[in-house]
Amino acid sequence: MPKSSRLDPRFDWVGPPDPVGKIRPLKLRIVENETEYERKYRERREAINKWNMAFWREHNELFDREKAAFVERKRAEKGDLDQLTADEMSIFYKDFLNSRRTTLADYNWEWYRHNFSLVWPAVRVNFIRFRRLLLRR
């Protein structure tokens with residue numbers, strides 16, 4: 001997100017997608033009188049988002065490098081500069097995903113673990129915020 005943007009602190013903000021990782025960054029609000037528990041929850045969410053963005057950035061950089069090498073190799077074999085067909089590219093996509101199968105499965109399990117670990121803290125933070133809302137009246 002541009003540094004010059006003035007963000008309304010009452011809301012979480014979602015930025016434009018990262019050009020490589022394709023994941024949108026989050027700017028989580030810091031509530032007034034943030035408790036220690038709310039701060040830890042917010043920081044944990046930020047850390048998970050950062051981990052997620054880093055994974056997809058690395059994955060997509062590898063994908064782009066390997067795709068470019070595949071296209072160059074195929075064009076050299078064919079001896080022309082035409083676009084590769086969808087069938088030719090499907091070979092690359094299949095091989096790439098098969099080679100990353102374990103990494104992607106590990107990512108999925110880690111993603112579920114991270115998100116599941118946020119359930120109880122989210123309930124607790126929402127209770128804190130609901131209580132704060134009631135006491136303001």
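Below, all heavy atoms of this structure are taken into account, side chains as well, without hydrogens, waters or symmetry copies. FYI, the numbering just counts along the sequence from 1.
Judged as a salt bridge (Lys or Arg N to Asp or Glu O under 4.0 Å), and not counting sequence neighbours, R73 has no contacts.
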Step-by-step side-chain contact (heavy atoms from CB on, under 4.5 Å) determination, Y93 to F63: CA-CA 9 Å; Y93 298 135; F63 175 85; 3.5 Å; yes
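To the nearest 0.5 angstrom, F92 atom CZ is 8.5 Å from L97 atom CG. Note that CD1 of I48 and CG of L26 are 11.0 Å apart. Values are rounded to the nearest 0.5 Å. Between the CG atom of D95 and the CD atom of E66 there is a distance of 10.0 Å, given to the nearest 0.5 Å. From R100, atom CZ reaches atom CG of D106 across 10.0 Å, with rounding to the nearest 0.5 Å. With rounding to the nearest 0.5 Å, the separation of CD in E46 from NZ in K27 is 6.5 Å. With values rounded to the nearest 0.5 angstrom, N126 atom CG is found 14.5 Å from R131 atom CZ.
Between Y41 and A122 the shortest heavy-atom distance is OH-CB, 3.3 Å. Here the shortest heavy-atom pairing between G15 and R24 reads O-NH1, 3.1 Å. For the residue pair P16 and P25, the shortest heavy atom distance occurs at O-CD, 3.1 Å.
Cluster membership for V123 and L118, using ILVMFWY side-chain heavy atoms within less than 4.5 angstrom, is shared. No continuous path of ILVMFWY side-chain contacts below 4.5 Å connects L28 to W51, so the two sit in separate hydrophobic clusters. Both L62 and M89 sit in one connected hydrophobic cluster of ILVMFWY residues. Membership requires side-chain heavy atoms under 4.5 Å apart, directly or through other members. When the side chains of ILVMFWY residues are joined at heavy-atom separations under 4.5 Å, either directly or via intervening members, V31 and I128 end up in two distinct hydrophobic clusters.
Checking R132, R42, R29 one by one against E34, the salt bridge (Lys or Arg N to Asp or Glu O under 4.0 Å) holds for a single residue, R42.
Taking 4.5 Å as the limit, every side-chain heavy atom of E88 sits out of range of all side-chain heavy atoms of V71. Between K40 and E36 there is a side-chain heavy-atom pair separated by less than 4.5 Å. The side-chain heavy atoms of Q83 and R75, taken from C-beta on, include a pair separated by under 4.5 Å. For the pair E38 and R129, the minimum side-chain heavy-atom distance is below 4.5 Å.
In terms of modelled atom types and a separation under 3.5 Å, the side chain of D18 and the main chain of I23 share no donor-acceptor contact. For the pair N49 (side chain) and R45 (backbone), a donor-acceptor distance under 3.5 Å is absent.
The aromatic rings of Y112 and W109 stand perpendicular to each other, their planes meeting at an angle above 60°, with 30° marking the opposite boundary. The aromatic rings of Y107 and W111 lie parallel to each other, with less than 30° between the two planes, well short of the 60° mark. Ring pair H59/F55 is parallel by interplanar angle, where below 30° counts as parallel and above 60° as perpendicular.
E110 and R113 are joined by a salt bridge, as a carboxylate oxygen and a charged side-chain nitrogen come within less than 4.0 angstrom of each other.
Side-chain contacts under 4.5 Å among hydrophobic residues (ILVMFWY), followed directly or transitively, place V119 together with F116.
The cationic atom of R124 (NZ for Lys, CZ for Arg) lies less than 6.0 Å from the six-membered ring centre of Y37 and within 45° of the ring axis.
Within a 6.0 Å sphere centred on CD of E77, other residues, nucleotides and ligands contribute more than 12 heavy atoms. With a 6.0 Å radius and a threshold of 12 heavy atoms from other residues, nucleotides or ligands, E58 has its CD atom at or below the threshold. Within a 6.0 Å sphere centred on NZ of K22, heavy atoms belonging to other residues, nucleotides or ligands number more than 12.
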